[in-house]
Amino acid sequence: PRREVQAIGKAIGICDEAAANPALVDFVVQMGKQLKSRPDQDIGITRMHNVHTDKMRESKCPHIEEYMRSDAACRAWMDAIASPAANSLLPADLRKGLAPAVTSPPLEPL
């Protein structure tokens, strides 16, 4: 993931010197690994959680799909299989350079 971290750093405007600094890049890579390995313990930092099984999703967030489908922008993003190109929250100029969204058939309503 070192190359990806460097590319992301450059894409968000990090200077070339920082993006090429091996110690800094390694720090970011290791932090990412640590946060990903314990998402339930570091949720206050990452706002992420473990991937839900269908059973967990039904128990913890039973109406999420219904809520998201009630919003046109969220529905379009879901139908595009969460493609960044379909994410209306990203600036249009950023989305323009992304691969077109791949659409999927709508999911069955809950």
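Note that this is a predicted model, so its numbers are computed, not measured.
- No single ILVMFWY cluster, assembled from side-chain heavy atoms under 4.5 Å apart, contains both I8 and V28.
- Between R69 and D79 there is a salt bridge, since at least one side-chain N of the basic residue sits less than 4.0 Å from a carboxylate O of the acidic one.
- Taking all atoms of both residues into account, the shortest heavy-atom contact from A20 to Q6 is CA-NE2, 3.8 Å.
- When every heavy atom of V29 is checked against every heavy atom of P1, the shortest pair comes out as CG1-CG, 3.8 Å.
- Side-chain heavy atoms closer than 4.5 Å link hydrophobic residues (I, L, V, M, F, W, Y) into clusters, and following such links, even through other members, never connects M31 to L24.
- In terms of heavy atoms, A80 sits closest to A86 at CB-CB, 3.5 Å.
- To the nearest 0.5 angstrom, N21 atom CG is 9.0 Å from C15 atom SG.
- A pairwise comparison of heavy atoms in P62 and K60 identifies CD-C, 3.6 Å as the closest pair.
- Across all non-hydrogen atoms, the minimal contact from A19 to V25 is O-CG2, 3.2 Å.
- Counting only heavy atoms from C-beta outward, the side chains of M78 and E65 approach each other to under 4.5 Å.
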